[in-house]
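Got a structure for you, written out below as structure tokens; questions coming shortly.
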Amino acid sequence: MATPLPHTPSASLTTIAVVGLGTMGTGITEVLTKAGREVVGIDISEAAVAKAVATLETATARAVEKGRLTEQERADALARVSTSTDLRAAADADLVIEVAPESYEIKHQIFRELDGIVRPETILVTGTNALSVTRLAADSARPERVLGLHFFNPAPAMKLVEVVSSVLTAPTAVTAVTNLALDLGKEPVAVGDRPGFVADGLLFGYLNQAAAMYEAKYASREDIDAAMRLGCGLPMGPLALLDLIGVDTARTVLEAMYAESHDRLHAPAPILKQLSEAGLTGRKSGRGFYTYEAPGSAAVVRDALTPLDGAALIPGREIRSVGVAGSGTMASGIAEVFAKAGYEVVLAARSEEKAQAAKARIGKSLSRSVDKGRMTAEAAAQTLDRITAAGSYESFADVDLAVEAVAEDLEIKQQLFQALDKVCKPGAVLATTTSSLPVVACARATSRPQDVIGMHFFNPAPAMKLVEVVRTVLTAEDVHATVREVCGRIKKHAVDCGDRAGFIVNALLFPYLNNAIKMVQEHYASLDDIDAAMKLGGGYPMGPFELLDVVGLDVSLAIEKVLHREFRDPGLAPAPLLEHLVAAGCLGRKTGRGFREYARR
């Protein structure tokens with residue numbers, strides 16, 4: 001039985017060795033020395049040591065320029081750092097943080113050597129994000145003192161650290177390392193030992209699916225990245241992020257995750273292997289999914305796959321007036337968008353009363369824009385005047401574009417398209433805003449499927465910049481060109497995709513949300529820890545459970561079911577916990593309870 005470590009408060013972790021002075025090791029060294037710790041930086045490469053010292057000097061000088069450090073504080077911080085190419089320099093350390101390359105062989109060798117160098121009470125930490133902490137600990141002479149501490153890149157800026165325990169880890173070691181993370185100004189999240197932990201466990205599955213989507217030529221790299229930035233508020237698109245992380249690194253993480261989970265969502269997309277083996281590993285090599293100005297550069301340059309600026313589409317149809325069918329939030333938002341852009345809009349619902357209520361909602365939205373100084377009262381009045389509320393779809397007789405925004409029910413939409421087919425003039429473009437149903441099924445309900453296309457707006461439509469333009473195999477080229485032109489006029493960013501479940505955003509977003517639910521279901525991590533991990537470690541504007549409760553658990557379940565039915569991948573099967581909550585009527589904010597409880601308004 002392992003001997004428990006003596007109580008080790010973080011204050012006693014005054015001397016810390018960092019083994020591996022790459023980007024992450026250097027960043028961790030900077031964080032530690034700024035926090036007053038004595039740091040011994042160790043790397044087998046003298047060049048790496050020299051580069052780390054230069055990077056620290058530059059980073060601390062920049063901090064002085066920005067007023068974050070005084071010159072004296074900078075001098076003191078640099079004086080607290082010593083470097084070596086000999087692992088024996090860690091002999092007096094209270095804590096050793098290993099951030100060597102992601103290889104069991106390398107890390108095992110380091111830990112075996114450290115067993116013979118450091119004191120018995122010294123805590124040994126691995127910075128791995130892909131390998132088993134338990135496996136590394138089991139081969140150590142004192143497994144109870146080994147745990148994981150996963151920083152995120154860049155370490156000085158990113159707040160999240162995952163504290164990874166194995167079944168062998170002593171609680172005192174976990175406490176000491178957690179307290180150290182707090183002392184460093186970080187937000188520690190406690191997780192168990194499984195590949196990817198929380199943040200990378202969720203992130204890399206999503207990145208892998210994006211790579212597979214691109215590989216299948218479903219959408220261009222630019223459209224996939226723009227869709228996730230604009231549709232989900234992410235700081236980077238998935239393919240650009242893969243290039244930043246390193247395609248080879250991503251492949252390593254996914255291989256480790258797949259070996260553990262056997263989930264097809266984690267089986268690395270073949271393109272990751274192809275790029276890795278060709279040396280096209282992303283920014284660090286100068287080329288990955290994108291091409292960069294030079295190795296290490298963030299500047300993307302044009303290559304053979306870059307779309308031509310203003311590439312001439314075939315001429316579109318003239319659009320002067322727009323009909324919007326529906327009376328809900330999405331319909332009124334879309335009507336507002338078109339009216340603001342100068343189009344004459346007919347907003348039609350099943351009754352005059354519903355249509356007038358939807359127009360009144362637009363009036364309130366425009367008033368808020370006036371109050372916030374985003375438009376003048378005169379412009380708001382002119383916008384509202386362009387909207388005609390109607391209690392019948394017969395009023396669409398003269399519109400050039402009809403946009404459907406009714407309930408997400410295929411039968412209801414098909415009935416509406418049958419009605420539009422009879423009412424709308426020849427040559428009118430008919431668009432559906434569906435987020436999960438087949439566009440072609442709406443098209444086939446008409447006698448003119450070539451005129452039907454998907455225009456998937458995001459809620460709230462006036463604020464969200466993205467529109468997914470969904471072509472079926474029957475959509476005419478000039479209809480596609482028309483909708484692209486219209487998106488430009490209403491100041492939306494259009495991305496092209498084919499007619500399959502989820503399109504771009506939902507097909508990538510909802511499997512990620514489903515995997516987060518599975519983590520909670522398996523008692524791997526708490527709601528709060530997962531939400532914090534994805535906001536702090538992944539740059540998401542909302543954690544997955546915050547987002548699920550906002551979207552609605554019933555809506556989320558419906559989309560999960562559509563994706564599972566379409567792709568028939570067992571990994572896409574809705575998490576039972578989601579199904580149970582929906583069955584119990586816990587649908588999120590709208591019912592006052594979902595994954596969390598909310599105050600009734």
Side-chain angles (χ1 to χ4, degrees), residues 319-369 380-425 428-437 439 441-443 445-446 448 451-464 467 470 483 486 490 492 551-552 554-555 558 590:
I319 304 294
R320 290 163 299 182
S321 60
V322 178
V324 179
S327 58
T329 305
M330 182 59 85
S332 57
I334 292 170
E336 178 181 335
V337 166
F338 278 108
K340 278 179 175 174
Y343 289 100
E344 293 298 320
V345 178
V346 179
L347 177 57
R350 286 174 294 174
S351 70
E352 181 78 26
E353 185 182 15
K354 284 180 176 291
Q356 290 294 350
K359 182 173 178 178
R361 190 185 300 122
I362 296 169
K364 290 179 181 176
S365 173
L366 294 170
S367 294
R368 285 194 296 271
S369 294
Q382 290 172 349
T383 298
L384 200 60
D385 285 345
R386 291 191 198 103
I387 301 172
T388 302
S392 164
Y393 299 129
E394 298 291 331
S395 55
F396 283 4
D398 293 322
V399 301
D400 303 305
L401 167 64
V403 181
E404 162 281 308
V406 298
E408 192 72 350
D409 179 295
L410 185 56
E411 190 175 340
I412 291 171
K413 289 185 189 290
Q414 286 177 320
Q415 289 173 357
L416 175 58
F417 272 86
Q418 287 172 356
L420 295 178
D421 189 30
K422 293 172 185 171
V423 168
C424 293
K425 65 188 180 184
V429 174
L430 310 181
T432 171
T433 61
T434 182
S435 64
S436 60
L437 301 174
V439 176
C442 296
T446 74
R448 40 173 151 175
D451 292 340
V452 179
I453 195 167
M455 284 185 79
H456 179 211
F457 287 80
F458 288 74
N459 215 357
M464 298 294 278
V467 175
V470 187
V483 169
V486 166
I490 62 175
K492 298 297 182 187
V551 170
D554 51 340
V555 174
K590 59 190 173 187

### Message
Do Asp398 and Glu344 make a side-chain contact, defined as non-hydrogen atoms from C-beta onward lying under 4.5 Å apart?
### Response
no
### Task
Give a yes or no on this: more than 12 heavy atoms of other residues, nucleotides or ligands lie within 6.0 Å of atom NZ of Lys425.
yes
### Message
Please check if the number of heavy atoms outside Asp409 that lie under 6.0 Å from its CG is greater than 12.
### Response
yes
### Query
Distance from Glu336 atom CD to Arg386 atom CZ, nearest 0.5 Å?
12.0 Å
### Message
Strictly distance-based, threshold 3.5 Å: is any side-chain N or O of Ser321 a donor or acceptor partner for the main-chain N or O of Val345?
### Response
no
### Message
Tell me if a side-chain donor or acceptor on Lys492 pairs with a main-chain N or O of Ala461 at a distance below 3.5 Å.
### Response
yes
### Task
Dump the intermediate steps for side-chain contact (heavy atoms from CB on, under 4.5 Å) on Val406 and Gln415, then the final yes or no.
CA-CA 11 Å; Val406 298; Gln415 289 173 357; over 6 Å; no
### Contact check, side chains of Ile362 and Leu347, non-hydrogen atoms, under 4.5 Å
yes
### Query
Just by distance, do the side chain of Arg320 and the backbone of Asp400 share a donor-acceptor pair under 3.5 Å?
no
### Note, Leu366 side chain near Lys340 side chain (heavy atom, < 4.5 Å)
yes
### Query
Are any of the side-chain heavy atoms of Phe338 and Val486 separated by less than 4.5 Å?
yes
### Task
Please round to the nearest 0.5 Å and tell me the distance separating atom OG1 of Thr433 and atom CD of Glu404.
4.5 Å
### Message
Around atom CD of Glu353, are there more than 12 heavy atoms from other residues, nucleotides or ligands closer than 6.0 Å?
### Response
no
### Task
For Lys359 and Ile387, indicate whether the former's side chain and the latter's backbone hold a donor-acceptor pair under 3.5 Å.
yes
### Task
Kindly indicate, with the supporting measurements, whether the criterion side-chain contact (heavy atoms from CB on, under 4.5 Å) is fulfilled by Asn459 and Met464.
CA-CA 7 Å; Asn459 215 357; Met464 298 294 278; 6.0 Å; no
### Task
Would you give the length of the straight line joining atom SG of Cys442 to atom CD1 of Ile412, rounded to the nearest 0.5 angstrom?
11.5 Å
### Query
Has the side chain of Glu408 got a donor or acceptor atom that lies under 3.5 Å from a matching backbone atom of Ser436?
yes
### Query
Backbone N or O of Ala441 within a donor-acceptor pair of the Gln414 side chain at under 3.5 Å?
yes
#### Entry: Sub-4.5 Å side-chain heavy-atom contact between Met455 and Thr432
no
### Task
Could you tell me whether a side-chain N or O of Arg361 sits under 3.5 Å from a main-chain N or O of Gly333, the two making a donor and an acceptor?
no
### Minimal non-hydrogen separation, Phe396 against Ala402, with atom names
CD2-CB, 4.2 Å
### Query
Between CD of Glu394 and NZ of Lys422, what distance do you get to the nearest 0.5 Å?
10.0 Å
### Message
So Ile453 and Val429, do their side chains get closer than 4.5 Å, heavy atoms only?
### Response
yes
### Query
Does Asp451 use its side chain to pair, donor to acceptor, with the backbone of Leu430 at less than 3.5 Å?
no
